[in-house]
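Below you'll find the structure, written out as structure tokens, and then a few comments.
Below, chains carry the letters A, B, ... as their sequence lines are ordered, and counting in each starts from 1.
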Amino acid sequence: MKILVAVKRAIDYNVKARPKSDGTGVDLANVKMSMNPFDEIAVEEALRLQEAGKATEIVALSIGPAACQETLRTAMAMGADRGILVQTDGEVQPLAVAKLIKALVDKEQPGMVILGKQAIDDDSNQTGQMLAGLLGWSIGTFAARVEVGEGHVKVAREVDGGIQTIDLKLPAIVTADLRLNEPRYVKLPNIMKAKKKPLDIVSPADLGVDITPRLKLVKVSEPAARAGGVKVADVAELVAKLRSEAKVI
Amino acid sequence: MERESMEFDVVVVGGGPSGLATAIRLRQLAAEHDVEVSVCLIEKGSEIGAHILSGAVIQPTALNELFPDWKERGAPLKTAVTEDRFLFLTEQKSFRLPTPPQMHNHGNYIVSLGNVCRWLGQQAEALGVDIYPGFAAAEVLYHGDGSVKGVATGDMGRTKEGEEGPNFAPGMELHAKQTIFAEGCRGSLTKTLFERFDLREGVDPQVYGIGIKELWEIKPEHHQPGLTLHTAGWPMDMKTYGGSFLYHFEENLVSVGFVVGLNYENPYLSPFEEMQRYKMHPAIRGMFEGGRRLAYGARAISAGGYQSIPKLTFPGGLLVGDCAGFLNVPKIKGSHTAMKSGMTAAEAIFQLLQAEDATGKEAVDYPHRLKTTWLWDELYRVRNIKPSFHWGLLPAMAYSAVDTYLFRGKAPWTLHHTPDHEALKPAAQCAPIEYPKPDGVLTFDRLSSVFLSNTNHEEEQPCHLTLKDSTVPERLNLAIYAGPEQRYCPAGVYEFVDQGGQQKLRINAQNCVHCKTCDIKDPSQNINWVTPEGGGGPNYPNM
Ligand SMILES: Cc1cc2nc3c(=O)[nH]c(=O)nc-3n(C[C@H](O)[C@H](O)[C@H](O)COP(=O)(O)OP(=O)(O)OC[C@H]3O[C@@H](n4cnc5c(N)ncnc54)[C@H](O)[C@@H]3O)c2cc1C
Ligand code: SF4
């Protein structure tokens with residue numbers, strides 16, 4: 001079985017994101033970027049399935065500017081066999097991403113697609129679900145454990161208050177949650193080897209997908225600063241404030 | 001687990017201006033002579049530039065030599081200096097002084113040195129240098145005959161106790177004919193080389209400053225691109241070496257920093273808080289009104305200059321840049337000399353590689369070549385300025401004027417340095433310093449500052465701030481010096497906390513910004529800074 005894994009280049013999780021002063025977006029100038037952590041978990045899971053003999057080939061795909069090649073090289077240094085970059089400099093929203101991945105699925109015919117549950121930059125949590133809709137495949141979101149059997153896959157999902165286990169018919173889609181696994185460290189010699197692995201570059205037009213954004217970004221701003229606490233003298237003042245200022249009683 | 005190894009002609013440790021210039025020059029020479037020289041560069045930061053913190057006004061002398069067409073190549077040197085101001089501050093007043101000649105910046109550029117390094121990194125990769133960020137050189141490797149064989153990168157995935165964790169990945173040996181140490185100020189491996197090869201014999205001890213820096217975006221009406229402003233005087237007392245820099249560059253950005261000589265005596269002094277209160281001066285604060293702070297960080301500076309330059313070569317390798325101490329102190333500029341030393345080293349190594357099997361050989365030609373360059377002359381001329389500050393600020397300024405104008409740097413004597421860690425006086429002999437409380441708008445506390453350095457370390461790993469004797473923090477540092485590490489560490493790593501009625505040192509190693517101050521200033525040199533897992537530490541943007 002071939003596995004397709006989607007990896008996004010996102011602002012590094014250590015970097016404190018900051019809106020641009022004109023509110024048109026997050027300031028990314030010279031900011032450290034890396035693979036979305038949930039996608040790293042997705043790659044790791046695919047590799048573990050390959051090491052367990054359940055998968056034959058791991059193909060990593062990324063969508064975005066030329067710099068995403070770095071993200072694909074990281075996936076390949078972890079162990080993915082090859083990479084595909086859908087190169088575009090424009091904004092790509094979740095539906096367009098899902099359509100692009102669908103086009104690649106049609107071409108590559110994988111038995112499974114693994115994605116991160118969401119990207120830490122825009123936290124959309126939509127791509128996997130939309131892709132399942134477009135393909136008409138089953139999907140296991142928020143995966144905490146994945147067991148591949150003959151023609152089906154068991155996915156333990158993180159749900160409120162516990163774990164829900166579902167059984168999906170293959171081909172299927174899985175989106176990775178935090179506790180699925182702990183990704184491996186990338187080793188130096190593997191980074192070198194990854195430089196020689198095949199990386200194809202295609203454009204959205206090559207795949208026949210229109211990626212024109214459908215949503216308009218209105219404004220990005222800092223969360224409102226929290227007002228400092230105040231000390232009240234007695235219960236009467238507390239009640240008065242709860243009523244007149246906080247308006248909760 | 002066995003470590004794997006890889007072979008290169010040259011391995012460079014550190015991706016600052018010196019290491020990158022070395023790697024680039026080597027590949028340029030190889031291409032010019034149509035020979036193959038394999039060059040590998042490792043950098044402990046998560047990417048090139050992540051750990052670089054500088055002013056910076058750069059003098060493009062070395063860059064002009066390395067890439068005469070740097071403009072066409074899109075180097076991020078965009079703001080030429082248009083005006084230099086020099087102020088002497090008292091608590092409430094400021095006096096405009098003539099700008100000392102070393103601080104004239106005509107022809108220089110205000111930049112983010114981190115971004116310049118990011119650009120140099122791209123140039124190096126295009127020339128075929130193998131660059132690996134996220135890997136720290138943790139150990140020097142030696143051949144049987146004692147010559148340097150290369151370095152080993154640190155293990156990844158060890159637990160706090162040092163055991164192999166579930167994701168353990170052993171370090172990797174990088175073997176090279178020549179290993180270049182370009183670790184910058186107070187390099188952790190360089191320190192071991194000093195001892196192993198007696199490189200500091202017969203030279204003055206290295207002395208240091210700590211530079212604390214913030215990046216601000218200010219109101220356009222306060223912004224004057226190309227302006228540099230330096231101050232001396234308040235908030236330092238007349239005995240303490242220190243001053244500020246403030247550079248306006250593109251997109252309403254201002255780099256503001258404060259440097260304190262690490263030979264300060266009063267253990268109650270806090271460089272971080274000096275920086276904060278400096279911003280409150282009436283001549284300064286207005287600039288920041290309505291602005292916002294974008295980034296924060298700190299880094300030590302080698303300030304010994306000429307008389308502290310160690311022996312530069314040893315069998316199998318050599319030192320370039322600030323880990324050798326090529327900073328021009330009165331100018332507070334070291335990036336041009338860092339690059340020049342790297343380029344000169346590359347030329348010497350290239351010659352060695354062509355002539356013979358260079359494995360374990362000593363590139364003795366490097367110091368000779370260096371002595372014929374402008375770098376050597378430049379450092380010689382300013383050698384007496386920093387040590388003269390031993391006498392206090394005013395005598396030093398008077399002396400510096402005489403040394404500079406009358407002798408033109410060629411005075412027939414050389415002043416000397418004493419080690420910084422010996423300078424602290426017992427707390428009992430010093431007055432505590434009351435610092436104003438931060439207001440959260442112009443001035444801040446340590447933790448909200450470290451937050452803006454984007455620093456992080458994998459929590460499950462051995463502490464990289466190692467103590468030779470674990471009783472010293474309480475027994476000596478706290479008892480005699482009132483715990484100076486709580487104040488000189490700009491990242492709040494060291495804290496004395498109450499444990500069952502006793503004050504015990506707690507080390508919050510995740511916060512460390514790799515400035516190296518503790519390794520320098522600890523009074524009994526009990527703290528040994530070693531490399532944490534690669535990729536840990538600050539992620540400085542635009543610093
Ligand atoms: C506050 C401040 C202001 C300054 N202002 C100016 C200025 O205006 N103009 C100017 O020209 N200069 C200025 N300097 C000096 C200038 O920044 C330095 O001289 C210059 O950066 C030195 O370059 P370097 O390559 O020797 O070292 P660094 O720039 O320190 O680079 C060393 C690199 O090596 C990496 N490294 C270290 N050890 C290891 C290891 N064991 N394994 C892997 N990687 C490692 C580090 O992470 C770092 O990236 C200033 C310095 C400071 C601190
Ligand atoms: S622990 Fe040492 S090196 Fe780290 S930030 Fe503090 S003083 Fe600097």
Check whether any side-chain N or O of B:Ser112 sits under 3.5 Å from a backbone N or O of B:Met543 as a donor-acceptor pair, and report yes or no.
yes
If you measure from the Lys or Arg side-chain nitrogens to the Asp or Glu carboxylate oxygens, is any gap between B:Glu139 and B:Arg3 under 4.0 Å?
yes
Side chain, backbone, both or neither of B:Leu294 within contact of chain A (heavy atoms, under 4.5 Å):
both
Does the B:Asn454 side chain pair with the main chain of A:Lys16, one donor and one acceptor, at a distance under 3.5 Å?
yes
Heavy-atom proximity to chain A below 4.5 Å, by part of B:Met172
side chain
Can you name the one residue among B:Glu47, B:Glu125, B:Glu43, B:Gln122 that meets side chain to side chain contact (heavy atoms under 4.5 Å, CB included) with B:Ile131?
B:Glu125
Is the closest basic N to carboxylate O distance between B:Glu36 and B:Arg27 below 4.0 Å?
yes
Side chain from CB out, backbone as N, CA, C, O: work out which of these in A:Glu44 comes under 4.5 Å of a heavy atom of chain B, or both, or neither.
neither
With respect to chain B, which residue among A:Ser21, A:Ala29, A:Ser34 yields the maximal number of heavy-atom pairs within a distance under 4.5 Å?
A:Ser21
Contact class of B:Glu458 relative to chain A, heavy atoms under 4.5 angstrom:
side chain
